[in-house]
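This report concerns only the one structure given below.
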Amino acid sequence: MQTTRLTLMCHARTVAQKLACFPTNEPVENTGLAPTALIARFNTAPRLLCAPELRTRQTAAWFGADAQIDEALRDCDWGRWSGVSIKDLQRSEEAALNSWLRDTHAAPHGGESVAQLCKRVAGWLASVQATPGHVLAVTHPFVIRAALTEVMRGSAFHDIDVEPLSTVELRFSGRWRLLLPGLAVAGAC
């Protein structure tokens with residue numbers, strides 16, 4: 001059985017993230033990061049996928065190759081909470097926000113629930129596992145959370161934080177496994 005290696009990368013930081021707001025289709029901030037620093041993370045060029053939003057397309061472009069846009073990697077549909085800060089919701093919709101945080105099936109914002117997002121991402125993972133080789137997918141923190149929740153067969157969705165430009169390695173060889181890569185140390189076995 002051939003192995004599928006999946007690297008999930010979170011897009012670069014946006015102003016909405018800094019302000020603790022639910023995202024819109026905003027661009028990434030200028031990070032000052034040289035794209036070669038991202039490319040250097042990989043020994044070979046992976047198949048590059050990204051979500052359709054501007055911030056993921058901009059981050060994927062740093063790899064110097066055209067990314068294939070995959071709608072299944074799109075961010076959660078935040079409905080009427082799009083662009084709204086967490087602080088404002090705590091003041092104006094505290095009960096709705098708490099419901100959303102406690103119940104993965106709740107969608108008080110009128111968009112996609114966490115359960116719906118997790119189901120979408122689980123379906124995408126099933127399609128990716130059929131393609132051997134290395135896939136790099138530039139996507140969103142909530143999509144990465146959903147993938148980890150699926151792979152780890154848990155319900156810790158709201159207990160996972162995903163920082164901008166962080167990566168998660170997943171491998172499929174009969175079943176999905178989380179890989180925590182170490183540093184290559186000279187002389188180590």
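Throughout, residue positions are numbered sequentially from 1 according to the sequence presented.
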Inset, instruction - Of all the heavy-atom pairs spanning Cys10 and Pro164, show the shortest one and how long it is. - result: SG-CA, 3.9 Å
Inset, instruction - Give the intermediate values and the outcome of side chain to side chain contact (heavy atoms under 4.5 Å, CB included) for residues Leu73 and Leu49. - result: CA-CA 9 Å; Leu73 293 171; Leu49 305 177; 4.0 Å; yes
Inset, instruction - State, to 0.1 Å, how close Gln58 and Val28 come at their nearest heavy-atom pair, and which atoms those are. - result: OE1-N, 2.8 Å
Legend entry - Heavy-atom check, side chain of Glu150 versus side chain of Val121, under 4.5 Å: no
Legend entry - Pair listing, side-chain hydrogen bond (donor to acceptor under 3.5 Å, both in side chains) test, anchored in residues 98-112, at least two apart: Glu112-Arg120
Legend entry - Spacing of CE belonging to Met152 relative to CD1 belonging to Ile160, to within rounding of 0.5 Å: 9.0 Å
Inset, instruction - State, without any angle test, whether Glu169 and Thr7 hold a side-chain donor-acceptor pair at a distance under 3.5 Å. - result: yes
Legend entry - Glu53 side, atom CD; Ile69 side, atom CD1 - distance, nearest 0.5 Å: 9.5 Å
Legend entry - Which atom of Gly111 lies closest to which atom of Ala107, heavy atoms considered: O-CB, 3.6 Å
Legend entry - Within one Ile-Leu-Val-Met-Phe-Trp-Tyr cluster: Trp124 and Leu178, side-chain cutoff 4.5 Å: yes
Inset, instruction - Show the numbers, then the answer: is there a side chain to side chain contact (heavy atoms under 4.5 Å, CB included) between Ile86 and Phe22? - result: CA-CA 7 Å; Ile86 300 293; Phe22 285 93; 3.4 Å; yes
Legend entry - Ionic contact status for Arg80 with Glu93, cut-off 4.0 Å: yes
Legend entry - Arg177, CZ: over 12 other non-hydrogen atoms inside 6.0 angstrom: no
Inset, instruction - Mind checking the CG-CD spacing from Leu48 to Gln68? Nearest 0.5 Å is all I need. - result: 9.5 Å
Inset, instruction - Check the pair Arg55, Asp75 against side chain to side chain contact (heavy atoms under 4.5 Å, CB included), reporting the backbone distance first and the verdict last. - result: CA-CA 11 Å; Arg55 58 196 177 275; Asp75 203 358; 2.8 Å; yes
Inset, instruction - Indicate whether the side chain of Thr139 and that of His11 have a donor and an acceptor atom separated by less than 3.5 Å. - result: no
Legend entry - Spacing of Cys50 atom SG and Leu136 atom CG [to the nearest 0.5 Å]: 9.5 Å
Legend entry - Within-4.5 Å side-chain heavy-atom neighbours: Gln17 and Pro141: yes
Legend entry - Expected output: side-chain Ser82 to main-chain Trp78 donor-acceptor under 3.5 Å: no
Inset, instruction - For the pair Gln116 (side chain) and Ser113 (backbone), establish whether a donor and an acceptor sit closer than 3.5 Å, ignoring hydrogens and angles. - result: yes
Inset, instruction - Could you walk me through whether Val143 and Leu117 pass side chain to side chain contact (heavy atoms under 4.5 Å, CB included), step by step? - result: CA-CA 7 Å; Val143 172; Leu117 172 68; 4.2 Å; yes
Inset, instruction - Kindly compute the distance separating CG (Leu125) from CG (Leu6), expressed to the nearest 0.5 Å. - result: 6.5 Å
Legend entry - Side-chain touch Trp176/Val128, heavy atoms, less than 4.5 angstrom: yes
Inset, instruction - Provide the closest heavy-atom pair for Leu170 versus Ala147 in the form atom of the first, atom of the second, distance. - result: CD1-CB, 4.4 Å
Legend entry - Close side-chain approach of Pro52 to Glu71, heavy-atom, < 4.5 Å: yes
Legend entry - 4.5 Å side-chain heavy-atom contact, Asp161 and Arg145: yes
Legend entry - Atom pair CG (Leu165) and CD (Glu163), whose distance is rounded to the nearest 0.5 Å: 10.0 Å
Legend entry - Cluster link Val162 to Leu101, ILVMFWY, side chain under 4.5 Å: yes
Legend entry - Qualifying residues under side chain to side chain donor-acceptor pair (under 3.5 Å), relative to Thr14, sequence neighbours excluded: Glu26
